[in-house]
Amino acid sequence: MEFTLIVAFALFGTAIGSFLNVCIDRLPVGKSLLYPPSHCDTCQHRLSPKDLIPVFSYLWLRRRCRYCQAPIPWRPFWVEVGSGCLFAFIYWHYGLSVEFAVTAFYGSLFLVLGVIDLEHQLILNKIVYPAIVVALIIDVFSPPPGIFDFSLSWPWLGIVNGVIGGAIGFAFLFIPALIYRQGMGWGDVKMAGLIGLVTGSRLVLVALLMAVILGGLVGVTLLLLKIKKRKEVIPFGPFLSLATIATLLWGSDILNWYLGLFQF
Ligand SMILES: [Zn+2]
């Protein structure tokens, strides 16, 4: 039964992933999410339901348009697979609970933010600003872990913990963004503020430090392998996204492990 449910949530996740692909394709270029319906970008042929089965249509059609044979890029496929794995894993981790819903929502949000930044070097205000409002509302009903652990006694303290986290996140990237202009933009700073609202004041630095370490490791590797040149910009948003999702799943474990290193 449990296994069946995990598979069901994986399939549900791939369907969500196919909507996230629409967001990733259309939001950066200012197109509507609802209209026009899905179509091939090359021949404009409208896609039928059998062309839109997540993951399977790609494999079945060998990543080509059924109508004009134009190749379809890999990204939509990986977003669907990634989203399917994420949903299955979040369900396995949290069961059917408020945490599941909250983490699945934030996972989808940060997947979209991260992939758009990867493709366009852009963190969109029109995603970040509404997400800040939604995160504040979620903070009331599902308080993030705070420095002060009294969130349950008074629901609004969830917001206080979130806002303190947001302020810490914003401040943490504010100075680097002032100094290191090309690598980090205001989009990253605002996204760090959002991450603080999402992860709460207790875990925001876990997320941001993990992003810095991940970004540093990948950056150095790309330079050493000569895939990227020194002057080329490596967007930071994908690392912020990955680290935030990891923190939502394991943040407290990571923090406790880290603090345990200093206990004798
Ligand atoms: Zn086509």
Side-chain angles (χ1 to χ4, degrees), residues 4 6-91 104-131 134 185 187-188 191 218 222 225-229 232-242 244-245:
T4 319
I6 290 177
V7 173
F9 276 103
L11 293 175
F12 177 61
T14 60
I16 297 290
S18 112
F19 170 69
L20 301 182
N21 274 317
V22 176
C23 299
I24 295 167
D25 284 331
R26 297 189 182 186
L27 288 177
V29 288
K31 284 190 194 158
S32 155
L33 293 181
L34 301 174
Y35 189 84
S38 300
H39 55 274
C40 167
D41 281 330
T42 309
C43 67
Q44 308 302 322
H45 197 294
R46 188 168 164 179
L47 300 182
S48 70
K50 67 179 171 189
D51 303 322
L52 291 169
I53 304 162
V55 179
F56 297 102
S57 289
Y58 285 98
L59 301 174
W60 178 246
L61 296 170
R62 295 166 194 251
R63 291 202 310 117
R64 285 185 181 278
C65 167
R66 185 194 298 277
Y67 310 98
C68 72
Q69 303 301 316
I72 303 165
W74 274 112
R75 185 264 288 159
F77 174 78
W78 287 120
V79 166
E80 287 175 359
V81 170
S83 167
C85 294
L86 188 67
F87 273 64
F89 189 80
I90 297 171
Y91 171 71
F105 168 73
Y106 283 142
S108 308
L109 170 71
F110 282 99
L111 191 80
V112 169
L113 280 171
V115 176
I116 290 179
D117 195 28
L118 189 66
E119 291 187 346
H120 299 273
Q121 279 82 54
L122 218 59
I123 294 170
L124 298 176
N125 287 337
K126 63 181 160 193
I127 303 177
V128 173
Y129 291 160
V134 175
D188 296 289
M191 188 170 165
V218 172
L222 291 178
L225 296 176
K226 298 200 164 54
I227 296 169
K228 287 264 177 189
K229 294 197 193 75
E232 274 182 285
V233 174
I234 299 166
F236 192 44
F239 302 107
L240 285 171
S241 287
L242 272 178
T244 303
I245 294 171

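A quick note: this is a predicted structure, and the numbers were derived from the prediction, not measured. Atoms within a ligand are numbered from 1 in the order they appear, just like the ligands themselves.
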Please report the shortest heavy-atom distance between Pro73 and Pro76, naming the atom on each side. O-CD, 3.3 Å
Parallel under 30°, tilted from 30 to 60°, perpendicular over 60°: which one fits the rings of Phe77 and Tyr58? perpendicular
Nearest heavy-atom approach of Gln121 to Pro235 is NE2-CG, 3.7 Å
Please list all pairs meeting salt bridge (charged side-chain N to carboxylate O under 4.0 Å, His left out) that have one or both residues in residues 8-30, counting only residues at least two apart or in different chains. Asp25-Arg75
Using 2.8 Å as the cut-off, note every protein N, O or S atom close to the Zn ion (ligand 1). Cys40 SG, Cys43 SG, Cys65 SG, Cys68 SG
Closest heavy-atom pair, Ser83 versus Gly17, reported as atoms and distance to 0.1 Å, is OG-N, 3.4 Å
With a cut-off of 6.0 Å (strictly less than), are more than 12 heavy atoms of other residues, nucleotides or ligands near NZ of Lys229? no
